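Every chain is numbered from 1, with letters handed out A, B, ... down the list of sequences. Note that the structure is a prediction, hence the values are computed from the model and not measured.
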Amino acid sequence: MSKQRPNYLAGLGSVLWLLVVGAPLYVLVSASVQSRADYGASGPLSLPRHFTLHNYIDDFSTGFGRYFLNTVIVTVCVVAIVLVVVPPLSYTIVRSRGRVTTAVFRLFLLGLAIPAQAVIVPMFYVISKAGLYDNLIGVILPTAAFSLPMCALVLTGVMRDITPDLYEAMAIDGASSWRVFRQLVLPLSRGGLSTIAVFSALQAWNGFLFPLVLTQSDSTKVITLGLYNFRTQYGINVPGLLAAVVLSMVPVLLVYLFARRTLVQGLMGVGGK
Amino acid sequence: MTTTVSKAAVVAERRTAKRRTGGVGRPGFAWALPATAFFVLFAVVPLLLVAVLSFTSWNGLGSPRFAGLDNWTKLLDDPVMLNSLWLSVLITVLGVLVQTPLSILLGVWAAGHQRNRAVLSAIYFVPLLLSATAVSVLWRTLLDPNFGVPSQAKWLFGDGNLLGMQSGAIGVLVFVGAWQFTPFHTLIYQGAARAIPQVLYQAAQIDGAGTVRQFFHITLPQLRNTMITSMILMVVGGLTTFDTVLILTQGGPGTDTTISAYYMYQKAFKSFDFGAGSAIALLLVVVATVISLVVVRVSGYDKMRSSVEGL
């Protein structure tokens with residue numbers, strides 16, 4: 001907390017990194033509001049001369065709206081599943097001392113390290129056998145399952161900070177587990193709940209591998225797949241492509257704007273001690 | 001008659017015992033069941049299945065056939081496979097070497113409480129929000145030799161097509177990985193740096209230590225555990241890089257950036273050799289699991305401590 005001399009070197013470094021982060025984002029946005037001709041003539045680093053939203057409108061007319069809707073459906077369902085199953089799980093991990101619970105917690109911790117690629121072949125097998133191939137449900141289930149470990153870790157950390165006195169107070173009132181959960185644990189872990197909601201939403205929104213392997217037709221395509229195909233098909237229409245990239249990030253940026261603190265604190269907790 | 005009485009007595013006794021020890025609010029295992037069942041079904045079972053499938057031959061249609069060690073012996077003879085392992089390791093190590101110093105410096109810097117630092121950290125965070133797909137598409141476009149930045153900045157890029165040569169393509173993959181994931185590691189270090197007790201710095205100042213000495217003698221040693229956690233996350237992330245390779249290089253030029261995760265995808269979903277794909281996937285799991293066991297041990301997560309106690 002003591003006053004220090006300003007560290008100019010660090011200041012310079014931080015500005016340099018701002019350039020590394022900011023310059024590509026600038027090109028992204030500025031290219032997306034130029035016409036193809038303008039962009040072709042003046043290149044990525046120039047200032048946009050004539051502002052146009054044409055690229056965005058074009059994207060929507062080429063099916064991007066459908067991808068957008070699919071992504072929304074996947075995201076909402078994944079968040080709903082996470083919010084239903086993770087809180088009771090974390091509550092159990094925090095409050096019950098059994099050997100089984102410890103084993104379950106270890107299982108989820110190990111799950112943190114299972115990369116989606118590792119299970120993608122059997123997932124394809126399971127989803128196909130279940131008749132869910134090329135169906136959004138087939139994308140939603142594995143996506144939700146794979147955001148469980150991180151969500152459980154975050155929420156468990158939050159619930160652990162509820163002091164034992166509060167449980168004892170409820171115990172004196174003779175409350176059942178369900179009442180303790182509903183009236184004490186859930187309200188006090190509201191911050192953690194929004195963190196896992198935001199986190200799993202982000203995962204679902206940006207998911208790529210599961211949709212890539214588990215869907216096929218245009219009607220089940222999500223945004224990330226749309227971007228991927230768009231790039232291979234219309235590689236030359238750079239402004240249109242970049243407008244699609246911008247579209248894919250708008251909802252995420254909005255969430256970030258409103259839930260920054262929640263998200264950042266949740267992720268900070270992951271690094272731990 | 002006697003049995004019911006004794007049962008009631010046992011139940012009553014258990015209830016008072018529970019109350020004495022504050023047992024209320026200790027839910028049974030049933031509470032954890034939905035999440036656990038779900039996770040087992042979609043992560044653990046497939047993980048076991050991948051082991052089984054690695055000993056079969058399956059083309060995606062019909063049923064897998066047992067094939068013994070076929071996939072494994074073929075993989076050990078496959079130069080592309082061996083090269084892909086080497087490339088995965090190379091890209092991962094380069095990623096750790098680039099990202100670690102960067103994120104420590106940025107994280108420690110961002111841990112200060114000035115307003116401008118808070119604002120800049122918020123901006124630094126943005127790349128992490130983008131999907132790997134969006135990031136890869138963006139960089140692929142930026143680096144396009146004809147329509148991208150290289151066409152405008154010949155002084156920096158020459159007329160080289162970065163993605164057209166191996167060193168360039170690997171450099172791009174490492175750079176793009178760093179661009180996207182440095183924010184996450186910066187955040188981890190920022191949190192850890194804030195947790196370092198100020199007393200240490202005050203003592204150092206009294207002893208006349210400058211900023212640089214404070215950094216090397218207090219900050220870095222105090223961040224040791226965080227460094228381990230962060231580096232292990234980088235290793236797991238690096239070994240499983242996939243989207244970036246698929247979009248930026250398609251494993252090319254030739255097989256110059258065909259890393260294991262991408263080779264697995266190619267084998268399974270392009271050549272429809274799901275057995276071989278499973279074998280590669282299993283290799284990835286083994287490596288990732290070993291690393292994760294280390295994480296759990298080192299970081300003390302498994303001791304189930306509260307994050308408010310101690311540092």
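Ring geometry for B:F274 versus A:F124: interplanar angle under 30°, hence parallel rather than tilted (30 to 60°).
When A:L212, A:L253, A:V126 are compared by the number of non-hydrogen pairs under 4.5 Å with chain B, A:L212 comes out ahead. For the set A:P122, A:P164, A:A244, A:P142, the entry with the most heavy-atom pairs within less than 4.5 Å of chain B is A:P122. The choice from B:I123, B:N116, B:V135, B:L246 that makes the most heavy-atom pairs within less than 4.5 Å of chain A is B:L246. If you tally non-hydrogen atom pairs under 4.5 Å between each of B:A281, B:P46, B:A110, B:P64 and chain A, the highest count goes to B:P46. With chain B as the partner, the residue from A:V27, A:V100, A:I114, A:L141 showing the most heavy-atom pairs under 4.5 Å is A:L141. Residue with the most contacts toward chain A among B:V137, B:L284, B:V108, B:L48: B:V137 (heavy-atom pairs, distance under 4.5 Å). Most heavy-atom pairs under 4.5 Å with chain B, from the set A:L227, A:V213, A:I81: that is A:V213. Annotation: maximal heavy-atom pairing with chain B below 4.5 Å, among A:I120, A:L209, A:V255, A:V86, occurs at A:I120.
Interface remark: B:Q180 contributes no atoms to any contact with chain A (heavy atom separation under 4.5 Å). The part of B:L53 that comes within reach of chain A is its side chain, from C-beta onward, which places non-hydrogen atoms under 4.5 angstrom from that chain. Only the side chain of B:F269 comes within less than 4.5 Å of a heavy atom of chain A; its backbone N, CA, C and O stay farther away. Of the atoms belonging to B:V44, it is side-chain heavy atoms, and not backbone ones, that fall under 4.5 Å from chain A. The contact between A:Y125 and chain B is made by backbone and side chain atoms together, counting heavy-atom distances below 4.5 Å. Of the two parts of B:S230, neither the backbone nor the side chain holds a non-hydrogen atom closer than 4.5 Å to a non-hydrogen atom of chain A. Of the atoms belonging to B:I247, heavy atoms from both backbone and side chain fall under 4.5 Å from chain A. Heavy atoms closer than 4.5 Å to chain A are found in both the backbone and the side chain of B:L129. Of the atoms belonging to B:A122, heavy atoms from both backbone and side chain fall under 4.5 Å from chain A. Contacts of B:F175 with chain A are made by side-chain atoms alone, with heavy-atom separations under 4.5 Å and no backbone atom involved. For B:L106, the part lying under 4.5 angstrom from a heavy atom of chain A is the side chain only. Only the backbone of B:T241 comes within less than 4.5 Å of a heavy atom in chain A; its side chain stays farther off. For B:I280, no part sits under 4.5 Å from any heavy atom of chain A, backbone or side chain. Proximity to chain A is absent for every atom of B:S136, based on heavy atoms less than 4.5 angstrom apart. Within the 4.5 angstrom heavy-atom criterion, atoms from both the backbone and the side chain of A:A144 approach chain B. The contact between B:V40 and chain A is made entirely by side chain atoms (from C-beta outward), counting heavy-atom distances below 4.5 Å. If you measure heavy-atom distances from A:V104 to chain B, the contacts under 4.5 Å come from the side chain alone.
A pairwise comparison of heavy atoms in B:M264 and A:Q117 identifies CE-O, 3.1 Å as the closest pair. Closest approach of A:V121 to B:G277, counting heavy atoms only: CG2-C, 4.4 Å. For the pair B:W139 and A:P24, the tightest heavy-atom approach, listed with the atom from each and the gap, is CZ2-CG, 3.5 Å. Between A:L107 and B:F39, the shortest heavy-atom contact is O-CE2, 4.0 Å. The two atoms that bring A:S14 and B:Y124 nearest to each other are O-OH, 2.5 Å, heavy atoms only. Nearest approach of B:F38 to A:L148, heavy atoms of both residues: CD2-CD1, 3.7 Å.
Aromatic pair A:Y256/B:F125: centroids less than 6.0 angstrom apart.
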CA sep, side-chain torsions, deciding dist, call: B:T36, A:F108, side-chain contact (heavy atoms from CB on, under 4.5 Å): CA-CA 8 Å; B:T36 312; A:F108 278 98; 4.1 Å; yes
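With sequence neighbours left out, A:L9 forms a side chain to side chain contact (heavy atoms under 4.5 Å, CB included) with A:N7. Not a single side chain to side chain donor-acceptor pair (under 3.5 Å) links B:T141 to another residue, sequence neighbours left out.
The distance from the CZ atom of A:R260 to the OG atom of B:S121 is 7.0 Å, given to the nearest 0.5 Å. To the nearest 0.5 angstrom, B:L120 atom CG is 13.0 Å from A:W17 atom CH2. Interatomic distance, A:L28 CG to B:L142 CG, rounded to the nearest 0.5 Å: 8.0 Å. Expressed to the nearest 0.5 Å, how far CH2 of B:W31 lies from CH2 of A:W178 amounts to 6.0 Å. Distance CG/B:D243 to CG/A:N206: 10.0 Å, rounded to 0.5 Å.
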